Student: 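To start, I am sharing the structure in question, which I have written as C-alpha cells.
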Amino acid sequence: MRGIRVAVIGGGQNCEHDVSVASAASVRQALDPSKYEAVALTIGRDGRWHGPELGALASGSLAAALDVLATCDVVFPLVHGPQGEDGTLAGLCELAGVPYVGSPLRAGALAMDKWATKLVAEAVGVRTAKGALVTSTADFTGPVVVKPVAAGSSFGVTLVRREEDLEPAVRQALELDDRVLVEEVLNGREIDIAVLDDPDEGRRTGPPLEIQVPGLFDTTVKYDGSARFVVPAPLAGTELKALEDSALKVYEALGCRGLARVDFFLTDDGFVLNEVNTMPGMTAESQVPKMFAAAGLSYPDLLDKLVRGAMR
Ligand SMILES: Nc1ncnc2c1ncn2[C@@H]1O[C@H](COP(=O)(O)OP(=O)(O)O)[C@@H](O)[C@H]1O
Ligand SMILES: [Mg+2]
C-alpha cells in the first residue's frame, strides 16, 4: 500500500524564504514515514519551482509543479509571508482541487494584512495597537513602531525613539510593502496563543507561550537564540481565559482553518492583539510545536492531525 502523498511546499519569494525552507525541511522529516510519503517542492526566490519529482527539463515551471501536485493527496503549504501564507498557495490548491493544510485564501489574505486584521479584530471587540497607515512619509509624534503591513519574521520592523530615525524606518519598511503601519509602542509581555482545528477533539487552543527577549523581538533576536520561550506562560486563570476567547474570536472572524498563531501583548491595562499568523514557523523548535508539545502532543502527532484535518 502506498503512503499518503503529502506535497510539502517551502521557500517562497519573500524575505522569509529561509525561515520557510527550515519549516518545510523539518515537517518533511517529521511526517510519519509509515503513513506518509513527503514530496518536496520548493519555490525559489525567483519564483521557479524545484523538487526531486520535477523533471530536470521542466524544472522551474508552475505547470510542472501542478503536475506533481495532481499526484498528491494533500498539500502542506509552508511558505510564510506574501505569495504563500497570504492566501496565494491556498488559492492555487483550491483551483487545482487538492486539499491543503491551513487557512483558505480569504483568511490568509486578511491575516497577512496587519491593517485589515486590526479592523476585523476591533469589530469583534478585540483591542489592537493604535496605528496609522502610511504610504510615503509620517509625522513624528513620539516613539512608535514602524512595520510593513504585510511581512513577517520581524523583517522591516523598527522601534523608533528619535524624530530623525522615523524617515529611514519608514523607507526601510516601504522596501517590503507599499503600505506601512506606524503604531503606538506597547510595553508589556508578549504572549502567543495557538488555535488548532483538531480532527479528534475539535477546535482548541494550546498552552500559552511567552516570548522573553532583551528589547524588540527583531529578526536577529528571533534566530540568534537569545529569545526565550516560556510554555506555559504564567498567567492568572481569568487572564488566560480572556486571551483564549479573544484568539478564538479573531480566528473565527478572519475565517482561519487548521491552525493559526495569535500573538498578543499583555500590558498594564489589559491585552492587545498584535497579529495573526496563518502559517507560523513550523520547525520542531518553533513556537507552535513547542506549545502543543507542552500539552503532550508531539511534533509528528501535531503534523498528523493537521494533515488528517485537511483531508477530512
Ligand atoms: N506596537 C508595538 N509595540 C511594541 N513592540 C512591537 C509592536 N509591534 C511589534 N513589536 C515587536 O516587533 C516584533 C515583530 O512585529 P510583528 O508585528 O509581530 O511583525 P512580524 O509579522 O514580522 O512578526 C513583535 O514580536 C514585537 O516584539
Ligand atoms: Mg510577529
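As the structure lists them, so they are numbered: ligands from 1, and atoms in each ligand from 1. Quick caveat: nothing in here was measured; it's all calculated off a predicted structure.
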Student: State the atoms of ligand 1, each with its element, that fall below the 4.0 Å cut-off from a heavy-atom position in A151.
Tutor: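 Near A151, meaning under 4.0 Å from one of its heavy atoms, ligand 1 has 21 (O).
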
Student: Side chain, backbone, both or neither: which part of L186 comes within less than 4.0 Å of ligand 1 when only heavy atoms are counted?
Tutor: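 Both of them.
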
Student: How is the N/O/S atom of E275 that comes nearest to the Mg ion (ligand 2) named?
Tutor: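 Nearest N/O/S atom: OE2.
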
Student: Which value, rounded to the nearest 0.5 Å, describes the distance between L259 atom CG and D197 atom CG?
Tutor: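 So the CG of L259 and the CG of D197 are separated by 8.5 Å.
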
Student: Which ligand 1 atoms does V185 reach within 4.0 Å, using its non-hydrogen atoms?
Tutor: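 Close to V185: 3 (N).
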
Student: Measuring from atom CZ of R5 to atom CG of D73, what distance do you get when rounded to the nearest 0.5 angstrom?
Tutor: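 The CZ atom of R5 sits 8.0 Å away from the CG atom of D73.
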
Student: For residues L89 and L62: do they belong to one hydrophobic cluster (side chain heavy atoms under 4.5 Å, members Ile, Leu, Val, Met, Phe, Trp, Tyr)?
Tutor: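 Yes.
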
Student: If we set the cut-off at 4.0 Å for heavy atoms, which region of K114 has an atom near ligand 1: side chain, backbone, both, or neither?
Tutor: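 Just the side chain.
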
Student: Which part of I211 is near ligand 1, with near meaning a heavy atom under 4.0 Å away: side chain, backbone, both or neither?
Tutor: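 None of I211 does.
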
Student: Is K147 salt-bridged to E275, cutoff N-O under 4.0 Å?
Tutor: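 No, this pair does not count.
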
Student: Given V276 and R261, is the side chain to side chain contact (heavy atoms under 4.5 Å, CB included) satisfied, shown in steps?
Tutor: CA-CA 6 Å; V276 179; R261 200 188 77 220; over 6 Å; no

Student: Hey, quick one: are V146 and V185 part of the same hydrophobic cluster, counting side-chain heavy atoms closer than 4.5 Å, chains of contacts allowed?
Tutor: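 Different hydrophobic clusters.
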
Student: When you compare the side chains of T283 and Y299, does any donor N or O come within less than 3.5 Å of an acceptor on the partner?
Tutor: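 No, no side-chain donor-acceptor contact under 3.5 Å.
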
Student: Taking P82's backbone N and O only, do any of them form a donor-acceptor pair with N14's side chain (distance below 3.5 Å, no angle check)?
Tutor: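 Here the side-chain-to-backbone pair exists.
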
Student: Does ligand 1 have any atom that is closer than 4.0 Å to a heavy atom of N274?
Tutor: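 Distance cut 4.0 Å: N274 passes for ligand 1.
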
Student: I need the atoms of ligand 1 closer than 4.0 Å to a non-hydrogen atom of E184, numbered in the order shown.
Tutor: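 Atoms satisfying the 4.0 Å criterion: 1 (N), 2 (C), 3 (N).
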
Student: I need the atoms of ligand 1 closer than 4.0 Å to a non-hydrogen atom of S154, numbered in the order shown.
Tutor: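 Heavy-atom distances to S154 below 4.0 Å select 13 (C), 14 (C), 20 (P), 22 (O), 23 (O).
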
Student: What atoms of ligand 1 come within less than 4.0 Å of a heavy atom belonging to K147?
Tutor: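 Within the 4.0 Å cut-off of K147, ligand 1 contributes 8 (N), 9 (C), 17 (O).
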
Student: Report, in ascending order of atom number, the atoms of ligand 1 lying under 4.0 Å from any heavy atom of E275.
Tutor: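 Reading through ligand 1 atom by atom, the close ones are 16 (P), 18 (O), 19 (O), 20 (P), 21 (O), 23 (O).
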
